[in-house]
Amino acid sequence: MADQRTIVITGATDGLGKALAAELAPTGARLILHGRNEEKGSALLEELGPRATGELEWRIADFSSLDDVRDLADALLEEDRIDVLVNNAGIGTAGPREESQDGYELTFQVDYLAPFLLTRRLLPLIERTAPSRIVNVSSAGQMPIDFDDVMLEDSYSGVQAYCQSKLALVMFTFDLAEELEGSGVTANCLHPGTYMPTNMVRRAGVDPVTPLEDGVKATNRLVSSPELDGVNGHYFDGTSESAPHQQAEDPEARRQLRELYAELTGIQATA
């Protein structure tokens, strides 16, 4: 089908990503589902297969490796179209400080650098598919980035690592939206819910608050709802437009972040 939507969901083997994939499977869309575990990927396709009315594809990549992210992007660029990119993959606050295969603080890489790199490399195809959407799954848990210690080598906190990475994703969304204005591609981000019953939350030993169904509804609204046609550069708390941490609106902080990601990924900043 020439007009069949292609939707890419990262982090689709657990939690919100898996539930969103299940919600979209009966819609006739071609779903390209990403994860880092081949066994879980196979199980996901087997589970979703009976309810899927469009094609299901599996792509493996470990976001702790930027080379893996680049390989994933290269594979996806062979697609005819990408109508929606959902950057959902992420890790939480539990555990000690770890470094990625590239030598960066792990949460910052997985929750921010990897989706940034994937999006930038896929952008030409997403633009050719327009009207199309980029949906970044952020969080209401946001803390300002200390540009003197972004990798938290001096003082590590799992909460700071997670919250600064999610704020960086919001800042990237706003930059992207400004860049794409008028192109037919929209970029928005959201906090899907507070402590949804996912593996990430359970590992952190936190009692769930928001039902997973609410997070799926809020995320799928940005993926599919006609009322979001042309809506660009917004942060939503659930289904309500909201204001992120004030650093997201700080031009100087966003400039510093652009310079940082250019240095770390080799992709030049766009003003």
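Taking the side chain as every heavy atom from C-beta outward, Phe116 and Ile267 approach each other to under 4.5 Å. Contact check for Leu190 versus Asp237: no side-chain heavy atoms found under the 4.5 Å cut-off. For the pair Leu180 and Leu123, the minimum side-chain heavy-atom distance is below 4.5 Å. When side chains are defined from C-beta on, Ile32 counts as touching Leu76, because their heavy atoms get closer than 4.5 Å. For the pair Met143 and Val159, the minimum side-chain heavy-atom distance is below 4.5 Å. Between Arg133 and Leu85, every side-chain heavy-atom pair lies at or beyond the 4.5 Å cut-off. Residues Leu264 and Phe108 have side chains in contact (heavy-atom distance under 4.5 Å, counting atoms from C-beta outward).
Looking only at distances, no side-chain donor or acceptor of Asp111 sits under 3.5 Å from a matching main-chain atom of Tyr162. Looking at His34, its side chain never comes within 3.5 Å of a backbone N or O of Ile60 through a donor-acceptor pair. In this structure a side-chain-to-backbone donor-acceptor pair under 3.5 Å is present from Glu105 to Thr107. Tyr235 places no side-chain N or O within donor-acceptor distance of the main-chain N or O of Phe174, the cut-off being under 3.5 Å. Remark: the backbone N or O of Phe63 is not paired with any side-chain donor or acceptor of Asp68 at under 3.5 angstrom. Using a distance-only test at 3.5 Å, with no hydrogens or angles considered, a donor-acceptor pair links the side chain of Gln160 to the main chain of Pro144. Side chain of Asn37 to backbone of Lys40: a donor-acceptor contact under 3.5 angstrom is found. Formation of a donor-acceptor pair under 3.5 Å by the Thr10 side chain with backbone atoms of Asn88 is found in this model. Under the 3.5 Å distance criterion, the side-chain polar atoms of Asn136 are left unmatched by any main-chain donor or acceptor of Ser138. Checked by atom type and distance alone, the side chain of Gln4 pairs as donor or acceptor with a backbone atom of Gly28 at under 3.5 Å.
In summary, Glu23 and Lys217 do not engage in a salt bridge, as defined by a charged side-chain N under 4.0 Å from a carboxylate O. Taking the charged nitrogens against the carboxylate oxygens, Asp67 and Arg70 do have a contact shorter than 4.0 Å, which makes a salt bridge. A salt bridge does not link Arg254 with Glu252: every distance from a Lys NZ or Arg NE/NH1/NH2 to an Asp or Glu carboxylate oxygen is 4.0 Å or more. One finds no salt bridge joining Glu38 and Arg36 here, because no Lys/Arg side-chain nitrogen approaches an Asp/Glu carboxylate oxygen to under 4.0 Å. We find that Glu263 and Arg258 are not joined by a salt bridge, their nearest charged nitrogen and carboxylate oxygen being 4.0 Å or further apart.
In the hydrophobic cluster analysis, where Ile, Leu, Val, Met, Phe, Trp and Tyr join through side-chain heavy atoms closer than 4.5 angstrom, Leu176 is grouped together with Leu77.
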Query raised in the report: Going through the checks in order, is the side-chain contact (heavy atoms from CB on, under 4.5 Å) test met by Arg59 and Val8?
Result: CA-CA 10 Å; Arg59 298 285 188 274; Val8 177; over 6 Å; no
Query raised in the report: Could you walk me through whether Leu117 and Tyr112 pass the side-chain contact (heavy atoms from CB on, under 4.5 Å) check?
Result: CA-CA 9 Å; Leu117 179 59; Tyr112 167 65; over 6 Å; no
Report task. Give the intermediate values and the outcome of side chain to side chain donor-acceptor pair (under 3.5 Å) for residues Ser224 and Arg5. Result -> CA-CA 10 Å; Ser224 304; Arg5 287 202 311 165; 3.2 Å; yes
Report task. Could you walk me through whether Glu79 and Leu125 pass the side-chain contact (heavy atoms from CB on, under 4.5 Å) test, one step at a time? Result -> CA-CA 8 Å; Glu79 294 291 322; Leu125 178 55; 4.2 Å; yes
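Ser64 and Gln101 share a side-chain donor-acceptor pair at under 3.5 Å.
Within a 6.0 Å sphere centred on CD of Glu39, other residues, nucleotides and ligands contribute 12 heavy atoms or fewer.
Separation of atoms CZ (Phe147) and CZ (Arg255) is listed at 9.0 Å; rounding is to 0.5 Å.
Cation-pi geometry between Arg221 and Phe236 is met: the NZ or CZ atom falls under 6.0 Å from the ring centre, inside 45° of the normal.
Screening Asn87, Leu16, Leu222, Leu169 for a side-chain contact (heavy atoms from CB on, under 4.5 Å) with Val137, the sole residue that qualifies is Leu16. The only option from Val84, Ile82, Leu20, Leu33 that meets the side-chain contact (heavy atoms from CB on, under 4.5 Å) definition with Ile7 turns out to be Val84.
Every residue two or more places apart in sequence or in another chain was checked for a salt bridge (charged side-chain N to carboxylate O under 4.0 Å, His left out) with Asp146, and none qualifies.
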